[in-house]
Amino acid sequence: MSATKLKILKGYDFHCHFRRPVVKTAVELTAECFCGAVAMGNTDPPIAIADDALLYEREIRAALPFGCAFQPIMTIMLTKMTTPQIVIDAARRGIKVVKYIPEGVSVNSKESVALEKLSDYFPVLEAMQENDMVFSGHWESLHDSKGRELEELDREEAAIPFLDKVVKTFPTLRIVAEHASTKKLIDYVRQSPLNLRATLTMHHALLTFCNVCSEPGVITNPYNYCKPIAKTEEDRQAVERAMVSGDPHFFPGSDMAPHPLSAKQKIPPVAGIFCPGKIFVPLMLEIFLANNALQNLSNFYENFGAEFYGLPKSLESLELTQEDWTVPPEYDGIVPFMAGQTLHWKVAD
Ligand code: NCD
Ligand code: ZN
Ligand code: ZN
């Protein structure tokens with residue numbers, strides 16, 4: 001390995017949205033840098049049963065370049081209609097993940113179960129636990145314990161008691177706290193048993209609230225706007241530290257969420273940051289280098305998540321070169337994270 005080149009094995013992206021009408025672009029950009037990805041099912045309508053997931057998998061595979069070994073990891077959504085039987089059927093047919101967004105909390109979640117009602121669905125979670133599925137969730141609460149509506153900044157912390165109840169009730173269920181964005185959630189995950197993990201994004205390791213909003217509710221940069229919203233400098237540092245720490249509780253999930261310009265430019269904009277692998281991987285490398293933590297990169301990127309999910313390690317490698325390049329203004333009409341900015345490492349073509 002020279003200072004200007006780095007070869008690493010491809011890892012998985014444990015949080016992706018392959019959204020119409022840009023499924024092909026999103027899949028291609030992901031497959032360039034990852035050997036597989038969890039394809040979140042919050043489409044409209046949602047991926048609710050195994051049949052939906054298997055059809056969606058065909059659509060994703062059809063978008064892959066010829067001969068590409070990329071592995072889509074399929075999900076079904078926890079909706080108000082989900083039963084233990086639906087979960088058992090999905091598990092038998094190879095679906096690995098049940099994805100949860102509490103009702104009304106993020107994109108395409110109106111058919112989801114409200115966080116306050118989650119315990120009504122514990123028989124469904126029991127079926128996940130018995131059938132060895134992963135329960136991957138977006139942990140934010142719209143309300144505090146007295147029912148008052150919360151600012152976006154406070155929603156993740158308010159969901160921790162609900163997550164804790166799941167963790168305590170299902171000690172062998174594999175649970176993921178997606179896109180952890182607060183020191184509170186990071187600390188909670190770190191001290192939890194290893195059946196709870198968290199995925200981390202690059203944007204939460206790099207942005208704070210002032211890169212998104214001028215004040216609560218006033219979004220000044222819609223391309224940096226996602227749920228959960230970027231928070232304080234202390235929270236940002238907690239994400240960065242967890243990422244480079246070598247702690248197996250944490251692994252990558254880009255939350256690559258493409259939305260068309262029209263949806264990003266309306267007020268309020270739709271939530272979602274488009275950070276495909278080409279951008280995610282160089283940013284990740286820069287963060288590990290800046291923290292003198294290169295020795296922990298392969299565990300974060302290649303190992304911890306794959307081991308937790310029981311997935312094979314990739315045989316393909318990825319080459320990065322130390323070379324400045326400018327993130328393009330768009331990919332297929334979608335404005336990416338860091339558009340127009342210079343990154344110092346590049347995924348070799
Ligand atoms: C995601 C999307 O667009 O589906 N948006 C986001 O802001 N993160 C949904 C999600 O992961 O919450
Ligand atoms: Zn989410
Ligand atoms: Zn997401």
Side-chain angles (χ1 to χ4, degrees), residues 12-23 25-26 30 34 37-47 56 60 72-79 97-113 115 134-142 152-153 155-156 158-160 162-163 175-182 185 197-207 209 211-213 219 221-231 239 251-264 266 268-277 280 334-337:
Y12 293 84
D13 184 343
F14 291 94
H15 187 157
C16 275
H17 300 275
F18 298 125
R19 182 165 285 132
R20 293 190 191 109
V22 293
V23 174
T25 303
T30 303
F34 295 99
V38 175
M40 294 307 181
N42 62 327
T43 48
D44 185 17
I47 305 297
Y56 188 33
I60 292 167
I73 299 149
M74 304 313 295
T75 64
I76 57 167
M77 299 299 289
L78 176 58
T79 74
V97 187
V98 178
K99 153 85 170 169
Y100 177 50
I101 303 180
E103 183 181 15
V105 155
S106 192
V107 176
N108 296 343
S109 57
K110 60 182 185 300
E111 294 176 46
S112 295
V113 174
L115 197 55
V134 173
F135 183 45
S136 184
H138 176 128
W139 298 97
E140 282 195 292
S141 175
L142 294 175
E152 287 198 58
L153 283 167
R155 290 180 186 172
E156 187 171 277
I160 295 174
F162 295 92
L163 172 60
I175 305 160
V176 176
E178 298 166 359
H179 44 46
S181 67
T182 51
L185 180 58
R197 310 284 176 114
T199 58
L200 302 177
T201 71
M202 288 309 131
H203 44 275
H204 291 112
L206 293 165
L207 301 177
F209 186 72
N211 301 123
V212 189
C213 289
I219 297 162
N221 187 336
Y223 307 106
N224 284 346
Y225 176 57
C226 68
K227 291 176 188 264
I229 203 159
K231 304 207 166 48
V239 174
F251 50 79
S254 70
D255 196 10
M256 179 210 57
H259 291 285
L261 261 186
S262 53
K264 289 306 274 177
K266 67 178 195 206
V270 68
I273 293 179
F274 188 53
C275 184
F280 185 95
I334 313 291
V335 178
F337 184 47

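Remember, predicted model here, so these are calculated numbers, not experimental data. Note that ligands are numbered from 1 as they come in the structure, with each ligand's atoms numbered from 1 the same way.
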Contact between Ser254 and Cys16 at the side-chain level, heavy atoms closer than 4.5 Å - yes or no? yes

Should the pair Trp139 and Tyr100 be assigned to parallel (<30°), tilted (30 to 60°) or perpendicular (>60°) ring geometry? perpendicular

Please tell me if the side chains of Leu261 and Tyr223 come closer than 4.5 Å, counting only heavy atoms from C-beta onward. yes

Using the test side chain to side chain donor-acceptor pair (under 3.5 Å), find all partners of Thr75 that sit at least two apart in sequence or belong to another chain. none

Check: Thr182/Lys231 side-chain N/O donor and acceptor closer than 3.5 Å: no

Between Asp44 and Lys110 the two heavy atoms that sit nearest each other are OD1-NZ, 4.3 Å

Pairs under 3.5 angstrom, nitrogen or oxygen on both sides, ligand 1 versus protein: list them out, please.
from, atom 1, to, atom 2, distance (Å)
ligand 1, 3 (O), Arg19, NH1, 3.1
ligand 1, 3 (O), Arg19, NH2, 3.2
ligand 1, 3 (O), His259, NE2, 2.7
ligand 1, 3 (O), Ala271, O, 3.4
ligand 1, 4 (O), His17, ND1, 3.3
ligand 1, 4 (O), Arg19, NH2, 2.5
ligand 1, 4 (O), Asn42, ND2, 2.8
ligand 1, 5 (N), Ala271, O, 3.3
ligand 1, 7 (O), Lys227, N, 2.8
ligand 1, 7 (O), Ala271, O, 3.4
ligand 1, 7 (O), Gly272, N, 3.2
ligand 1, 8 (N), Lys227, O, 3.0
ligand 1, 8 (N), Asp255, OD2, 2.7
ligand 1, 11 (O), His15, NE2, 3.3
ligand 1, 11 (O), His17, NE2, 3.3
ligand 1, 11 (O), Asp255, OD1, 3.2
ligand 1, 11 (O), Asp255, OD2, 3.4
ligand 1, 12 (O), Ser106, OG, 2.6
ligand 1, 12 (O), His138, ND1, 2.9

Holding to side chain to side chain donor-acceptor pair (under 3.5 Å), I want the full list of residues that pass it with Asn224, two or more places apart in sequence or in another chain. none

Quick one, Met256 with Phe274, criterion side chain to side chain contact (heavy atoms under 4.5 Å, CB included). Give me CA distance, side-chain angles, the key distance, then yes/no. CA-CA 5 Å; Met256 179 210 57; Phe274 188 53; 3.5 Å; yes

Protein N/O/S atoms under 2.8 Å from the Zn ion (ligand 3): how many? 3

Correct closest heavy-atom pair for Val107 and Ala271 would be CG2-O, 3.3 Å

